[in-house]
Number of protein chains: 2
Amino acid sequence: MSDTISTIRSDFITLMGQMVESHGLSPISGRIMGLLIFDGEARSFSDLATELGVSRGSISANARLLVARGSIMKENRPGDRQDYFRISDQSFDVMLQTLMQRMLDMSGRVRELSDRLPADDAEGDGPRRRLGGLSQFYAAMALGMRQAQDHLTGDE
Amino acid sequence: MSDTISTIRSDFITLMGQMVESHGLSPISGRIMGLLIFDGEARSFSDLATELGVSRGSISANARLLVARGSIMKENRPGDRQDYFRISDQSFDVMLQTLMQRMLDMSGRVRELSDRLPADDAEGDGPRRRLGGLSQFYAAMALGMRQAQDHLTGDE
DNA sequence: ATTTTTGTTCAGTTCGAATTGAACGCAGAT
DNA sequence: ATCTGCGTTCAATTCGAACTGAACAAAAAT
């Protein structure tokens with residue numbers, strides 16, 4: 001079988017590169033996260049560029065973004081000028097939080113519009129009600145994610 | 001104030017064009033849905049092209065996709081060869097279902113990889129555990145969306 | 001028969017996000 | 001002082017998804 005650990009590792013990194021697009025991140029950001037999740041320990045800036053086969057410029061930009069989000073952490077070691085990165089304990093939570101925030105934003109924006117609409121005429125059915133429904137939809141999604149969050153942090 | 005209904009309608013359509021990107025749809029698909037949600041009633045193929053200011057080719061492709069997803073419905077009227085479209089009652093549910101399915105897929109794909117990994121050595125901490133955690137993460141997201149679904153269909 | 005209306009198809013174009021790569025500044029080593 | 005290694009920056013490039021628009025087929029109207 002070709003099921004060596006390094007094959008799985010490589011597959012996982014590729015998979016992460018694809019999956020994170022639904023989180024609004026670039027492929028390289030996903031692959032960085034994938035590599036750091038798999039390895040667990042801290043890896044150097046150069047390692048990332050070499051192992052992922054991408055330019056240092058890309059590592060710089062993407063790593064900075066991931067650090068800002070709280071998905072990964074930058075470490076600096078005395079006597080070593082290289083930057084090291086490791087996956088953050090909250091990396092999953094950050095993903096969840098980000099998605100949840102986006103849902104709340106959408107809910108709010110739709111609610112703003114629906115609130116400016118005059119009351120629907122006749123028996124309930126009108127634009128205001130429909131937009132209100134969409135706003136509720138996003139609010140329910142956000143709530144569902146909060147429950148997912150509770151579920152994940154609860155039994156640990 | 002410039003808060004005429006048509007302004008709000010236009011803003012909502014624009015907003016939908018932006019929001020649906022997180023659902024993996026194109027801007028035009030979102031604007032079609034936005035227009036149909038706002039108006040509630042059925043609109044003709046030509047109306048959509050004219051009001052949204054896009055090519056008929058785009059309407060054709062995007063409307064077909066939305067019909068296939070179950071987000072909108074095509075109507076044909078006797079003695080009128082135009083196609084009419086209206087928002088589907090399940091349009092919100094389809095969005096939810098789609099996202100939930102994606103989460104389940106991700107959970108499964110990560111699980112596949114983690115299952116091929118040898119048991120972690122030492123005290124629990126290893127790649128297998130971390131990938132397992134990610135798989136659980138996506139599973140929890142899917143569960144959260146099911147709860148959102150229940151929440152939405154429950155109190156109506 | 002011819003013209004018009006309607007939706008589909010697909011080759012070409014547009015557009016922007018992602019990535020590259022070279023220039024740069026900084027800091028330690030020689 | 002010079003050189004080397006490290007990370008940042010930004011102009012240029014790549015690449016693909018989204019969109020266009022013209023050609024087309026089908027069906028009704030003239």
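Side chains included, hydrogens not; waters and symmetry mates left out as well; all remaining heavy atoms used. Just so it is clear: chains get the letters A, B, ... in the order the sequence lines come, proteins before strands, and each one is counted from 1.
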Compare side-chain N and O positions of [X] against OP1 and OP2 of [N] and report whether any pair is under 4.0 Å apart.
X       : N      : value
B:Ser46 : C:dG7  : yes
B:Ser55 : D:dT20 : yes
A:Arg64 : D:dT9  : yes

Choosing from [options], which nucleotide comes nearest the side chain of [X]?
X       : options                : value
B:Arg81 : D:dA28, D:dT9, D:dC19  : D:dA28
B:Gln82 : D:dT9, D:dT20, C:dT6   : C:dT6
A:Ser58 : C:dA23, D:dA23, C:dT20 : C:dT20
B:Val54 : D:dA23, D:dT20, C:dA23 : D:dT20

Between [atom2] on [N] and [atom1] on [X], what's the gap in Å once rounded to a whole number?
X       : N      : atom1 : atom2 : value
B:Asn62 : C:dC10 : CG    : P     : 16 Å
A:Tyr84 : D:dC6  : OH    : P     : 9 Å
A:Arg56 : C:dT19 : CZ    : P     : 17 Å
B:Arg31 : D:dA18 : CZ    : P     : 14 Å
A:Lys74 : D:dT8  : NZ    : C1'   : 10 Å
B:Asp83 : C:dG7  : CG    : P     : 5 Å
A:Leu48 : C:dT19 : CG    : C1'   : 16 Å
A:His23 : C:dA18 : NE2   : P     : 15 Å

Original post:
Base, sugar-phosphate, or nothing: which does B:Ile28 touch, judged by heavy atoms less than 4.0 Å apart?
Top reply: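 Sugar-phosphate: the residue B:Ile28, judged by heavy atoms under 4.0 Å, touches backbone atoms but no base.
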**OP:** Just call it for A:Ser26: base, sugar-phosphate, or nothing, with non-hydrogen atoms closer than 4.0 Å on any strand.
**Re:**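 Touches sugar-phosphate only.
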Subject >> Carboxylate-amine/guanidinium contact A:Asp120 A:Arg129, below 4.0 Å >> reply: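 No, A:Asp120 and A:Arg129 are not salt-bridged.
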Original post:
Will you find, in the side chains of B:Asn62 and B:Ser26, an N or O donor that is under 3.5 Å from an N or O acceptor?
Top reply: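 A pair is found: one side chain offers a donor N or O, the other an acceptor, under 3.5 Å apart.
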Subject >> Any donor-acceptor N or O pair under 3.5 Å, side chains B:Thr4, B:Ser6 >> reply: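 Yes, side-chain donor-acceptor contact under 3.5 Å.
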Original post:
Under the 3.5 angstrom rule, does the side chain of A:Arg130 hit a backbone N or O of B:Phe38 as a donor-acceptor pair?
Top reply: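 Between the backbone of B:Phe38 and the side chain of A:Arg130 there is a qualifying donor-acceptor contact (under 3.5 Å).
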Original post:
Between A:Leu96 and A:Met145, what is the shortest heavy-atom contact and its length?
Top reply: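 Nearest heavy atoms, A:Leu96 then A:Met145: CD2-O, 3.2 Å.
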